[in-house]
Amino acid sequence: MLEKIKETASWIKNKMHTSPETAIILGTGLGSLVTEITDKYEISYEDIPNFPVSTVEGHSGKLIFGKLGEKDIMAMQGRFHYYEGYSMKEVTFPVRVMKELGIKTLFVSNASGGMNPDFEIGDLMIITDHINQFPEHPLRGKNLYGDRFPDMSEAYSKDLIAKAKSIAKEKGIRVVEGVYVGTQGPTFETPSEYKLFRIMGGDAVGMSTVPEVIVANHCKIKVFGMSIITDLGVEGKIVEVSHEDVQKAANAVQPLMTSIMRELINRS
Ligand code: HPA
């Protein structure tokens, strides 16, 4: 596995003209950030040796290298979800490659269902911590590098959280903070499951992010994450939810998420 990671990283390095220390996983809410990347150089996942192959028809992702403002960055357009059938090793493979490429900070986004009764649809939640509810751990098996028992006491950088909050304040954008529960999906939660995750200490629940964040922490990459609350798992407010509802709610606040992230990346 380590050989594969190194092989992939050195293949990518040969094509790189820059040395970014910042990576972005363009999840829900950050899709339009792509249009702001300049001096772009793109590589399709299918061309990258050892990269997982996309399962969604006609939807191959790519790595994008370029500048966001003054900053050299690399971005992943398209991530691998466990519910699609990828193993945890595949879901997190790109993060390990990032480490080999010299990435020091990772920015992630996603959509989630809000369980905190103070949340509203369309809220932007700064992820302060997570609860891993995936059935398989990404670090299960032989320890490749780093600690066998990695510390997770600050999985999401406190410094970046503080900076993001002050940026939101300056811009007059309402943000909430909370704990993200990561589940395998692909079902949304039953009312009882939302209730359980709330009792556990979760503020929002979604189907991504946690595996990548665990691996980033394992290889000492700092993380900042934001989630768009696209539906509510709050007793009395639970209604039928579809992927389209999630997309619609996310699209509406995408510009706000993008504006906070852009500024945070520039200041980090
Ligand atoms: N549950 C799980 N994943 C989600 C949700 C949800 O309610 N909303 C958006 N992604």
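Note that the structure is predicted; figures quoted are calculated from it, not measured. Counting begins at 1 with the first residue of the sequence. All ligand and atom numbering here is 1-based and tracks the order in the structure.
M115 forms part of a hydrophobic cluster together with Y83, I131, V179, V181, F188, Y194, L196, F197, M200, V205, M207, I238, V241, V246, judged by ILVMFWY side-chain heavy-atom separations under 4.5 Å. In the hydrophobic clustering, F149 connects to no other residue, as no ILVMFWY side-chain heavy atoms lie under 4.5 Å from its own.
Side-chain rings of Y86 and H81 stay apart, their centers remaining 6.0 Å or farther from each other.
Protein residues lining ligand 1, listed by chain and number: A111, S112, G113, F188, E189, Y194, V205, G206, M207, T230, D231, V246 [non-hydrogen atoms, distance under 4.0 Å].
Between D147 and K220 the shortest side-chain heavy-atom distance falls below 4.5 Å.
E170 and R267 are joined by a salt bridge, as a carboxylate oxygen and a charged side-chain nitrogen come within less than 4.0 angstrom of each other.
Sequence neighbours left out, the pairs with a member in residues 106-122 that pass side-chain hydrogen bond (donor to acceptor under 3.5 Å, both in side chains) are N110-T209, N110-S227, S112-S227, N116-D203.
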